[in-house]
Structure formats: structure tokens, C-alpha cells
**Student:** 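Below are the C-alpha cells for one structure; questions will follow.
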2 protein chains.
Amino acid sequence: MTDTAWLDETEMAAWRAFLSTSHLLERRIEEQLKAAAGLTHPQYEVLARLADAPDRQMRMTELARGVVVSKSALTYQIGQLEKAGLVERTTCPSDERGVLAVLTEAGVRCLERVAPGHVAVVRAYLIDRMTRGELETMTTAMRKTEQALRQ
Amino acid sequence: MTDTAWLDETEMAAWRAFLSTSHLLERRIEEQLKAAAGLTHPQYEVLARLADAPDRQMRMTELARGVVVSKSALTYQIGQLEKAGLVERTTCPSDERGVLAVLTEAGVRCLERVAPGHVAVVRAYLIDRMTRGELETMTTAMRKTEQALRQ
DNA sequence: GAGTGCTGGTTCAAATCTGAACTACTGCCT
DNA sequence: AGGCAGTAGTTCAGATTTGAACCAGCACTC
């Protein structure tokens with residue numbers, strides 16, 4: 001906190017662009033998912049992560065880390081998804097404390113139905129607007145920050 | 001919704017990296033601001049935008065657009081900042097319906113006190129981890145998306 | 001200059017997020 | 001065994017966000 005250099009023109013522009021864009025995109029995605037399937041973005045992410053996981057199941061904490069949401073928020077969201085029949089809870093066989101979130105058949109079908117529309121938005125506003133080079137540069141840049149933030 | 005191409009390896013990696021990073025960074029920033037000054041990130045953004053604006057004042061709608069937050073959320077946040085004495089409301093002289101949010105002297109001082117710590121975080125995790133080239137590439141990429149999302 | 005449609009803000013209810021307790025179980029260490 | 005620090009999830013209260021409904025004031029038309 002002693003003497004941090006201020007952001008120059010270019011840096012400030014970069015930061016503002018990143019910030020606005022991420023929020024705007026989040027808004028748009030939320031809107032699309034809500035309209036198409038009554039899902040929130042975190043909910044969609046949970047389904048997507050589970051679908052990719054072995055046996056379509058994951059531990060709560062691991063899932064929370066992946067989706068980048070607090071443990072309590074995940075507890076809440078899994079509750080919602082359970083009510084909707086898209087996910088089920090199982091106690092982890094190897095660790096009595098642990099809970100496994102499992103994607104149900106209905107969950108799989110829901111995701112299959114919703115994914116195309118979601119991907120279309122991500123593509124239309126972000127992916128397809130970048131060149132391959134920009135895409136790769138962004139990825140490496142983001143990864144550095146991500147890694148730093150995950151300690 | 002007809003036949004959108006799925007995301008290939010590289011594209012998916014880019015999207016995931018962007019998504020996680022933006023959320024992780026948001027979390028970290030929120031934490032820092034809360035600890036340093038009891039401010040939320042949107043609140044900080046409001047102060048920062050006002051500080052940059054001519055006469056340190058802005059119309060509500062314009063401010064909401066800038067910070068990328070709903071009008072009702074801004075109403076709420078300006079209320080909070082007003083309670084804290086950092087911002088004041090004035091009715092707009094040219095348009096009787098309009099409201100101008102004005103940064104107070106206390107607001108200016110608060111921002112001056114908090115900004116260095118905030119910028120330090122943005123720098124430490126994002127800006128300083130990129131080369132100048134990456135920075136510029138990211139900015140152009142983000143701008144394209146931003147523009148598309150603002151219609 | 002009344003009527004009509006728009007725009008600017010606020011209010012409201014509902015949903016969600018977070019961090020701080022709290023409970024239960026695990027893994028060591030002696 | 002017995003104790004103890006640490007981990008996994010949940011619960012809870014409080015703060016914030018959002019969209020929809022609402023009330024004014026503006027601007028344009030006939």
C-alpha cells in the first residue's frame with residue numbers, strides 16, 4: 001500500500017474494458033438462460049461441470065471452487081437444482097462428511113436442451129469476435145491471473 | 001438456436017479462463033475494498049466514475065450504464081453512499097425528472113484514501129501479469145464484445 | 001394547449017450471495 | 001484408545017441485485 005503506480009491511459013482502458021465487458025456479458029447470459037430455461041448462470045455452470053465430471057458427480061467443495069462461488073451459495077443452488085430434479089445429493093462413500101452432487105437423467109436432458117442456446121450467446125458476443133490469436137493471447141493472460149488468485 | 005458450433009478445446013479453454021478469472025478477481029477486489037474501507041466494488045466504481053466526471057456529478061441513468069448495474073441497484077447504492085455522506089443528490093436543473101449524483105468533499109477524500117489499495121490489487125493480479133502486447137490485444141478484444149453488448 | 005407516448009427514477013417483492021457460526025466426521029499424535 | 005486440530009457442509013442473518021410496476025415530467029402531434 002506504500003506507493004503503487006497509478007494506471008496509465010492504456011492500462012486504465014484495459015481494466016475498464018475488461019470490467020465492463022465481463023459484467024455486460026454476464027448480464028446477457030443471465031438474461032438468455034432465464035428466458036430459455038429459467039436457469040441462472042451459476043446453475044448452468046453447475047450442470048455443465050457435473051456433466052463433464054466422471055460419473056457425472058462431484059464433491060460440493062470441488063464444485064464450489066470450479067464455479068467460483070461460496071460454499072453456502074452452492075449449498076443453496078444445489079438445493080434449487082434438487083427441487084427441480086436436475087441434481088441429487090449422495091453422501092460420499094469414502095468420507096462420511098462429504099456430499100456428492102450427482103447429475104440426474106433429467107439434468108442431462110435439461111443441459112442438452114439448454115446448452116446450444118447458451119453457447120450461441122458466448123460465441124456471438126465473445127468467441128466469434130476474436131481472432132484465433134486474440135483468443136490465445138487472452139487465454140494465457142487470464143490463466144496467469146487465475147493461477148495467482150487460486151494461490 | 002438451429003445449429004451453433006460447439007466450442008472446441010481452445011475456445012472452451014478461453015471461455016472458462018475468462019469466466020473464472022473475472023469471478024475470482026471480482027471476489028478478491030470485493031474482499032480488499034471491504035477490508036480497507038467497508039466499500040463494495042460497485043460503490044467504489046460509482047465514486048471513481050463521479051470523480052472523473054465534469055463537476056464530479058452524473059445523471060443516474062448514465063452512471064448506471066457506466067457501472068453496468070440496474071437502475072434500481074444504483075438507486076439503492078446511491079442511497080447507501082448518501083447515508084455515508086460520500087455522495088449527494090440534486091435534481092437536474094435542465095430536466096425536472098432527472099437526478100444528479102454529486103461527489104461530496106468527503107467522497108473525494110474517501111476515494112483518494114482507498115484508490116491506491118484498490119489499484120494495487122488490480123495491478124498485482126491483472127495488469128502487471130500481462131505484457132504490454134497482451135494488454136493491448138485484450139483491450140481490443142474486450143472492446144468488440146463490449147460494443148456489441150451495448151448495441 | 002390537451003393528448004399520447006417516452007424517459008428518468010424510485011419502490012417493491014423475490015431471489016441470491018456472502019461470511020460467520022455451528023455440527024459432524026477425519027486424520028494424526030501420543 | 002483418547003484427544004485435538006482441521007475439513008466438509010449446512011444454517012442463518014444481513015446485504016445486495018434484479019425486473020416489474022409505478023409516478024412524474026418532457027416532447028411531439030393535431
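Here is how names work: the chains are called A, B, and so on, in the same order as the sequence lines, proteins then strands, and each is numbered from 1. Everything numeric here is computed off the predicted structure, so don't read it as measured data. Below, all heavy atoms of this structure are taken into account, side chains as well, without hydrogens, waters or symmetry copies.
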**Student:** Any side-chain N or O of Arg27(B) below 4.0 angstrom from OP1/OP2 of dC17(C)?
**Tutor:**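 Answer is no, no contact under 4.0 Å.
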**Student:** Heavy atoms, side chains only, cut-off 4.5 Å: are Met58(B) and Val67(B) in contact?
**Tutor:**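 With C-beta onward as the side chain, the pair stays apart.
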**Student:** Should the ring pair Phe18(A) and Phe18(B) be called parallel, tilted or perpendicular, given that the plane angle runs from 0 to 90° and is split at 30 and 60?
**Tutor:**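 Geometry flag for Phe18(B) against Phe18(A): perpendicular rings.
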**Student:** Check the distance between dT16(D)'s P and Glu45(B)'s CD and give it to me in whole angstrom.
**Tutor:**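 The distance from CD of Glu45(B) to P of dT16(D) comes to 16 Å, rounded to the nearest Å.
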**Student:** Within a radius of less than 6.0 Å around CD of Glu88(A), do more than 12 heavy atoms belonging to other residues, nucleotides or ligands occur?
**Tutor:**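 Check fails, neighbour count at 12 or below.
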**Student:** Determine: side-chain N/O of Arg59(B) to OP1/OP2 of dG9(C), distance under 4.0 Å, yes or no.
**Tutor:**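 Answer is yes, contact under 4.0 Å.
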**Student:** Would you mind telling me which residue lines up with the more 5' stretch of DNA chain D, Gly98(A) or Glu31(A), judged by nearest nucleotide?
**Tutor:**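 By nearest-heavy-atom nucleotide position, the 5'-most residue is Gly98(A).
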**Student:** Is there a side-chain contact between Gln80(B) and the phosphate of dT16(D), meaning an N or O under 4.0 Å from OP1 or OP2?
**Tutor:**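 Gln80(B) to dT16(D) OP1/OP2: side-chain N or O found under 4.0 Å.
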**Student:** For DNA chain C, whose closest nucleotide is more 5', that of Ser94(A) or that of Gln43(A)?
**Tutor:**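 Its nearest nucleotide lies further toward 5', so the answer is Gln43(A).
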**Student:** Whole angstroms only, please: what is the CG-C1' distance between Leu81(B) and dT16(D)?
**Tutor:**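 The answer, rounded to whole Å, is 13 Å.
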**Student:** Send over the distance from Leu24(A) CG to dT17(D) P, rounded to a whole Å.
**Tutor:**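 In whole Å, dT17(D) P lies 16 Å from Leu24(A) CG.
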**Student:** Quick one: is dT17(D) close enough that its OP1 or OP2 comes under 4.0 Å of any side-chain N or O from Gln77(B)?
**Tutor:**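 Gln77(B) to dT17(D) OP1/OP2: side-chain N or O found under 4.0 Å.
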**Student:** Would you mind reading off the distance between Asp95(B) atom CG and dC26(D) atom P, rounded to a whole angstrom?
**Tutor:**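 Atom CG in Asp95(B) sits about 6 Å away from atom P in dC26(D).
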**Student:** Mind calculating the distance between CD1 (Ile78(B)) and P (dT11(C)) to the nearest angstrom?
**Tutor:**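 Atom CD1 in Ile78(B) sits about 13 Å away from atom P in dT11(C).
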**Student:** Which residue lies toward the 5' end of DNA chain C, Ser72(A) or Leu74(B), if each is placed at its nearest nucleotide?
**Tutor:**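 Upstream on the strand: Leu74(B).
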**Student:** Roughly, in whole Å, what's the span from CD in Glu30(A) to P in dA15(C)?
**Tutor:**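 Going from CD in Glu30(A) over to P in dA15(C) covers 14 Å.
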**Student:** Could you tell me whether the side chain of Gln147(A) reaches within less than 4.5 Å of the side chain of Arg143(A), counting heavy atoms only?
**Tutor:**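 No, side chains not in contact.
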**Student:** If you only use heavy atoms from C-beta on, which nucleotide in dC26(D), dA8(D), dT26(C) is closest to the side chain of Lys71(A)?
**Tutor:**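 So the nucleotide nearest the side chain must be dA8(D).
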**Student:** Which nucleotide in the list dT18(C), dT16(C), dC26(D) gets nearest to the side chain of Ser70(A)?
**Tutor:**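 Nearest listed nucleotide: dT18(C).
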**Student:** Can you tell me how far the CD atom of Glu11(A) sits from the CD atom of Glu9(A), to the nearest 0.5 Å?
**Tutor:**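 Those atoms lie 10.5 Å apart.
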**Student:** Write down the distance between CZ (Arg97(A)) and C1' (dT7(D)), rounded to a whole number of angstrom.
**Tutor:**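 Taking atom C1' of dT7(D) as the reference, CZ of Arg97(A) is at 5 Å.
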**Student:** Over how many whole Å does the gap from Tyr76(B) atom OH to dT10(C) atom C1' extend?
**Tutor:**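 Atom-to-atom, Tyr76(B) to dT10(C), this comes out as 15 Å.
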